[in-house]
Amino acid sequence: HCFPFQEVSRFPSVYQDISFWISENYSSNDFYDLTRSVGGELVENVDIIDEFTHPKTGKTSHAYRVTYRHMHRNLTNKEINVVQQSLRDRVEQDLLCTVRQ
């Protein structure tokens, strides 16, 4: 099988973490899709880095690391913070999860 060549960025990646209490009908695939829809081509990778269930409440929290990278320039923290805030807002609105601070 031949795979099309994908250019690799020579610019550094920037990552941000997000954690939230998941809702009853939560699916991690929905989060991955939402992250790609919010961050577009800037999103290079999304990894779950922690899963925690509170022993008293039974609520479960997921933490993800979102890696951003631009193909043609350095990303600034300011622009990534805007994307990350939009992601936080959409996690609450679209996925009905509660973002942890």
Side-chain angles (χ1 to χ4, degrees):
H1 292 305
C2 291
F3 295 100
F5 174 74
Q6 280 193 310
E7 184 180 359
V8 177
S9 177
R10 58 186 172 91
F11 295 95
S13 60
V14 177
Y15 68 86
Q16 292 265 337
D17 295 342
I18 181 172
S19 63
F20 48 89
W21 298 105
I22 64 172
S23 60
E24 190 175 309
N25 297 320
Y26 175 77
S27 164
S28 57
N29 284 337
D30 292 340
F31 176 72
Y32 295 128
D33 291 344
L34 179 66
T35 303
R36 301 253 182 236
S37 113
V38 170
E41 292 184 6
L42 296 181
V43 176
E44 182 177 75
N45 200 27
V46 181
D47 292 308
I48 188 163
I49 55 173
D50 188 49
E51 186 173 341
F52 165 76
T53 300
H54 194 283
K56 291 183 180 175
T57 65
K59 291 170 71 175
T60 299
S61 170
H62 283 189
Y64 294 88
R65 176 156 295 156
V66 181
T67 305
Y68 299 94
R69 188 188 310 249
H70 196 283
M71 289 300 295
H72 307 291
R73 63 179 175 81
N74 285 325
L75 292 170
T76 66
N77 284 333
K78 184 177 179 179
E79 68 185 313
I80 292 306
N81 289 342
V82 169
V83 174
Q84 194 72 5
Q85 185 57 54
S86 178
L87 180 59
R88 284 185 177 96
D89 293 344
R90 296 277 306 275
V91 161
E92 293 201 341
Q93 293 167 10
D94 297 7
L95 303 181
L96 305 176
C97 297
T98 304
V99 174
R100 299 178 66 187
Q101 300 302 322

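What you see is a predicted model, and the numbers here were worked out from it, not measured in a lab.
- Both Leu95 and Val99 belong to a single network of hydrophobic side chains, linked directly or stepwise wherever heavy atoms of I, L, V, M, F, W or Y lie under 4.5 Å apart.
- Side-chain heavy atoms closer than 4.5 Å link hydrophobic residues (I, L, V, M, F, W, Y) into clusters, and following such links, even through other members, never connects Val66 to Val82.
- Separation of atoms CG (Asp94) and CG (Asp30) is listed at 9.5 Å; rounding is to 0.5 Å.
- Taking each heavy atom of His70 and Arg73 in turn, the nearest pair found is CB-O, 3.3 Å.
- To the nearest 0.5 Å, atom OG of residue Ser19 and atom CZ of residue Arg88 are 8.5 Å apart.
- Residues Ile18 and Phe31 are in side-chain contact: their nearest non-hydrogen atoms beyond the backbone lie under 4.5 Å apart.
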Legend entry - Test log, rule side-chain contact (heavy atoms from CB on, under 4.5 Å), inputs Val46 and Arg65: CA-CA 6 Å; Val46 181; Arg65 176 156 295 156; over 6 Å; no

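- The 12-atom threshold is not exceeded at CZ of Arg10, counting heavy atoms of other residues, nucleotides or ligands nearer than 6.0 Å.
- Counting heavy atoms from C-beta on, the side chains of Tyr32 and Thr35 never come closer than 4.5 Å.
- Cluster annotation: Ile48 and Val91 are assigned to the same hydrophobic cluster (Ile/Leu/Val/Met/Phe/Trp/Tyr, side-chain heavy-atom contacts under 4.5 Å, transitive).
- A 6.0 Å sphere centred on OH of Tyr15 holds no more than 12 heavy atoms belonging to other residues, nucleotides or ligands.
- Put simply, CG on Leu75 and CD1 on Ile80 are 4.5 Å apart, with the number rounded to the nearest 0.5 Å.
- With a 4.5 Å cut-off on side-chain heavy atoms, Glu92 and Thr98 count as touching.
- Ring orientation note: the planes of Phe52 and Trp21 are tilted relative to one another, at an angle of 30° to 60°.
- Under the 3.5 Å distance criterion, with hydrogens and angles disregarded, a donor-acceptor pair is assigned to the side chains of Gln85 and Asp89.
- Residue Ser86 comes nearest to Val38 through the heavy atom pair OG-CG1, 3.7 Å, listed as atom of the first residue, atom of the second, then distance.
- Residues Thr53 and Gly58 share a closest heavy-atom pair of CG2-O, 3.6 Å.
- Here the OH-CG distance, from Tyr64 to Asp17, works out to 12.5 Å after rounding to the nearest 0.5 Å.
- Remark: Glu41 CD to Tyr68 OH distance equals 14.5 Å, nearest 0.5 Å.
- Between His62 and Phe20, the two ring planes are tilted [angle within 30° to 60°].
- Summarising the geometry, atom CG belonging to Leu87 is positioned 8.5 Å from atom CZ belonging to Arg90; distances are rounded to the nearest 0.5 Å.
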